[in-house]
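Below: one structure, written as structure tokens.
Within every chain, numbering begins at 1; the chains are lettered A, B, ... in the order of the sequence lines, protein sequences first and strands thereafter.
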Amino acid sequence: MPELPEVETTRRGISAPLRGRIVTGLTVREARLRWPLQRGLSAQVTGQRVGSVGRRAKYLLIELETGTLIAHLGMSGSLRVVSPGIPPGVHDHYDLLLSSGKCLRFNDPRRFGSLLWTRRDPERHRLLAGLGPEPLGADFSGDYLASVACGRRVAVKPFIMDQRIVVGVGNIYASEALFRAGIDPRRAAGRTSALRLGDLVAAIRETLDQAIRQGGTTLRDYVDPRGHPGYFRQQLFVYERAGRPCRRCGTPIRRVVQGQRASYFCPSCQR
DNA sequence: ATGGGCACCTGGCTGC
DNA sequence: TGCAGCCAGGTGCCCA
């Protein structure tokens with residue numbers, strides 16, 4: 001999926017077409033997503049005006065009058081604003097119909113995405129309650145990262161992908177940020193100096209920020225709400241570049257597996 | 001508490 | 001051409 005930059009690009013794209021519109025229905029073609037779609041969800045949301053469209057971690061928060069729709073894109077999901085008259089494709093699982101005559105259409109080949117409904121403060125929802133700080137927010141600092149890394153033997157790469165530590169850093173940007181900070185992804189989190197963790201915080205911020213400005217990264221499925229891919233792929237230093245020369249020093253990029261996920265790094269630039 | 005592994009799914013690509 | 005095997009942007013849950 002979509003990591004934070006892709007979710008944020010999606011949020012920006014769907015915000016204007018949704019805000020202030022009335023939900024006129026919800027068409028569900030496939031309810032078996034990561035969490036099965038709640039029965040009767042359409043009746044719950046129909047007739048309500050959309051307020052703001054927010055984001056917490058990789059969750060999109062579509063605020064309605066009596067609650068919030070929480071959408072997650074999983075690994076391969078995308079949301080587009082289209083005319084409901086356009087025939088749905090095989091993996092178009094739901095349409096949120098709007099008074100504007102358009103709809104928000106969710107496509108997700110792997111069905112790891114979800115759509116949840118809560119009447120309470122979404123921050124208190126079971127899936128959001130334990131999340132760490134936003135990487136682009138003020139709470140995410142070198143001091144914070146050093147304090148939570150203390151004593152941790154887990155490798156730094158899975159550590160920064162742990163959503164309880166910091167949210168939004170997925171497999172692409174974890175590798176990219178570690179390259180920019182010059183840190184070997186296999187290094188234990190607790191054996192990385194506070195100074196270097198400070199560099200890592202800056203690198204995560206810079207990487208995510210640049211990716212958002214480029215509309216995210218498209219590897220395979222991802223498209224923004226207008227159907228366009230993201231252009232950050234051209235800026236990737238290491239991700240999916242195994243065997244190719246490091247853009248900084250020419251050393252072949254290495255691929256290793258950590259926690260069943262591929263990690264890419266330059267053995268010369270990263271220590 | 002921590003770390004590691006599996007599960008959930010489909011599709012695209014590689015190599016025999 | 002067909003098919004097995006591997007890989008893919010996430011993350012909740014189970015086990016030791």
*Rounded to the nearest Å, what distance is computed from the CG atom of residue A/Leu127 to the C1' atom of nucleotide C/dG10?*
12 Å

*Using whole Å, report how far CG of A/Asp162 lies from P of C/dC13.*
14 Å

*What would the secondary structure line of DNA chain C be in dot-bracket form, counting Watson-Crick and G-U wobble pairs under 3.5 Å, with [ ] for pairs that cross earlier ones and | for pairs with another strand?*
.|||||||.|||||||

*Between C/dT11, C/dG12, C/dG9, spot the one nearest the side chain of A/Gln163, thanks.*
C/dT11

*Could you check if a side-chain atom of A/His125 sits within less than 4.5 angstrom of a side-chain atom of A/Arg120, using non-hydrogen atoms only?*
no

*How long is the line joining CZ of A/Arg164 and P of B/dA1, in whole Å?*
11 Å

*Could you check how far NZ of A/Lys58 sits from P of C/dG12, rounded to whole Å?*
10 Å

*asked:* Less than 4.0 angstrom from a charged side-chain N to a carboxylate O is my criterion; do A/Arg56 and A/Glu123 meet it?
replied: yes

*Is any side-chain heavy atom of A/Val167 closer than 4.5 Å to a side-chain heavy atom of A/Pro135?*
yes

*Taking all heavy atoms of A/Leu236 and all of A/Arg241, pick out the closest pair and write down the distance.*
O-CD, 3.7 Å

*Remember a base hit wins even if backbone is also touched, and classify A/Arg255 as base, sugar-phosphate or nothing at under 4.0 Å, heavy atoms.*
sugar-phosphate

*Is any side-chain nitrogen or oxygen of A/His72 closer than 4.0 Å to OP1 or OP2 of C/dT11?*
yes

_Those residues of residues 196-218 of chain A lying under 4.0 Å from DNA chain C by at least one heavy atom_ = A/Thr217

*Within the pair A/Arg261 and C/dT11, is there a side-chain N or O less than 4.0 Å away from OP1 or OP2?*
no

_Whole-Å P distance, B/dC9 and C/dC3_ = 23 Å

*State whether a side-chain donor-acceptor pair under 3.5 Å links A/Asp108 with A/Ser76.*
yes

*Could you tell me whether A/Arg248 sits above the aromatic face of A/Phe237, with NZ or CZ closer than 6.0 angstrom to the six-membered ring centre and within 45 degrees of the axis?*
yes

*Are A/Glu240 and A/Arg233 ion-paired here, with the side-chain N under 4.0 Å from a carboxylate O?*
yes

*asked:* Quick check: on DNA chain C, is the nucleotide nearest A/Tyr239 upstream (toward 5') of the one nearest A/Leu131, or the reverse? Name the residue that is more 5'.
replied: A/Tyr239

_A/Gln258 CD - B/dG5 C1' separation (whole Å)_ = 15 Å

*Protein-nucleotide distance (A/Leu116, atom CG; C/dG12, atom C1'), rounded to Å*: 13 Å

*Looking at A/Thr207 and A/Glu176, what are the two nearest heavy atoms and their distance?*
CG2-CB, 3.9 Å

*Ion pair check, A/Arg55 and A/Glu134, cut-off under 4.0 Å*: yes

*Mind calculating the distance between CZ (A/Phe159) and P (B/dA1) to the nearest angstrom?*
16 Å

*Could you label the plane-to-plane angle of the A/Phe106 and A/Tyr94 rings as parallel, tilted or perpendicular, counting under 30° as parallel and over 60° as perpendicular?*
parallel

*List the protein contact pattern of nucleotides 6-14 of chain B with one symbol per nucleotide (5' to 3'): B for base contact, S for sugar-phosphate-only contact, - for none; contact means a heavy-atom distance under 4.0 Å.*
B-BBBS---

_For A/Gln210 and A/Arg180, which I'm curious about, is there any donor-acceptor pair between the side chains at under 3.5 Å?_
yes

_Options C/dG12, C/dC7, C/dG10, nucleotide nearest the side-chain atoms of A/Met161_ = C/dG10

_Would you measure the distance from the C1' atom in B/dG3 across to the matching atom in C/dG9 and give it in whole Å?_
23 Å

*A/Val169 and A/Val238: same hydrophobic cluster, using ILVMFWY side-chain contacts below 4.5 Å?*
yes

*With sugar-phosphate meaning primed atoms plus P, OP1 and OP2, does A/Arg233 contact a base, only sugar-phosphate, or nothing at under 4.0 Å between heavy atoms?*
nothing

